[in-house]
Amino acid sequence: MPLQTRSRNSAHALGGSIITSPYPTAQSVEDFRSNLAAVRERIAAACARVGRAPAEVRLLPVSKTVSEARIRLAYAAGCRELGENKVQEASRKAEAMADLTDLRWSVIGHLQTNKAKVVARFASEFQALDNLRGAEALDRRLQAEGRALDVLVQVNTSGETSKFGLPPDDVPGFVRELPAFSSLRVRGLMTLALLSADPARVRPCFILLRELRERVRQAAPAGIAMDELSMGMSGDFELAVEEGATVVRVGQAIFGARELPDSHYWPEAGSSSEQRS
Ligand SMILES: *Cc1c(COP(=O)(O)O)cnc(C)c1O
């Protein structure tokens, strides 16, 4: 990304020295436009390195913890879909912003079965499917609403016990069960990579997901699409794009740093792994 784009927002004069935050808070439509453009530029550069077309990569802005007022600025800057980790937070926001009729909501965090009804009402996508009870509950609620939902199967590619998602070896068998749930439109796989600042440890998670997609594809039942790979966040989306991501979920690089620690969203995150720098 061009250096100016970042430093214009992020350099704060403090006591005569300059402190640079990697994720300054976007406060205006203009900030959002430039952050979105910067992320898209970095996606395009990653694509160019491996001979992919940038149009193959969908940017899903992640708005967890972000206030309605700031989300409306992002909408004004062109965001038409948002990812949220928690069902209650997402549905509250979707309701408050129901006037933005072309705004779509993607739930990207763990679903408790008793919240399936809520997701079936407002979400247009669910990226964290990892158990049959959840699939069954969602399908039943969707039937009742007369709706269908795009879903991705979440895979634990890092081997960390604290993460949600199926172990890779369980995925082919799990996917074979999914045609039973006719309101779920299965699109592909999703993962969270290892939380590490070291690309040599992060990249293998993305490679694993891509290779798993090929395995699952060969055995996939009719009607199950396995095209999407949702992988990569603010700290690692360029690596993910290089390894084949078709969806990147980017929060802080668009909205700014979050105050809540990630452990609020990923139970036990950080307790079993080093943190990103
Ligand atoms: C928060 C979150 C992201 C985005 O993380 P950033 O560091 O804000 O880019 C991506 N995926 C999931 C599942 C998340 O909960």
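The residues of the chain are indexed from 1 along the displayed sequence. Counting starts at 1 for both ligands and their atoms, following the listed order.
Under a 4.0 angstrom heavy-atom cut-off, Gln127 registers as lying outside contact with ligand 1.
Using a 4.0 Å cut-off between a side-chain N of Lys or Arg and a carboxylate O of Asp or Glu, Glu30 and Arg33 qualify as a salt bridge. Under 4.0 Å is where a charged nitrogen must lie from a carboxylate oxygen, and between Arg133 and Glu136 no such pair does. Ionic pairing of Arg72 and Asp99 is present here: one or more N-O contacts between side-chain nitrogen and carboxylate oxygen are shorter than 4.0 angstrom.
By the 3.5 Å distance cut-off applied to N or O atoms, Ile108 is not counted among the residues near ligand 1.
For ligand 1 and Val250, the ligand atoms under 4.0 Å from any heavy atom of the residue are 9 (O).
Distances from atom 10 (C) of ligand 1 to the heavy atoms of Lys86, Gln252, Met233 show the closest one on Met233.
In this structure, Trp105 and Ser63 have side chains that are in contact, with non-hydrogen atoms separated by less than 4.5 Å.
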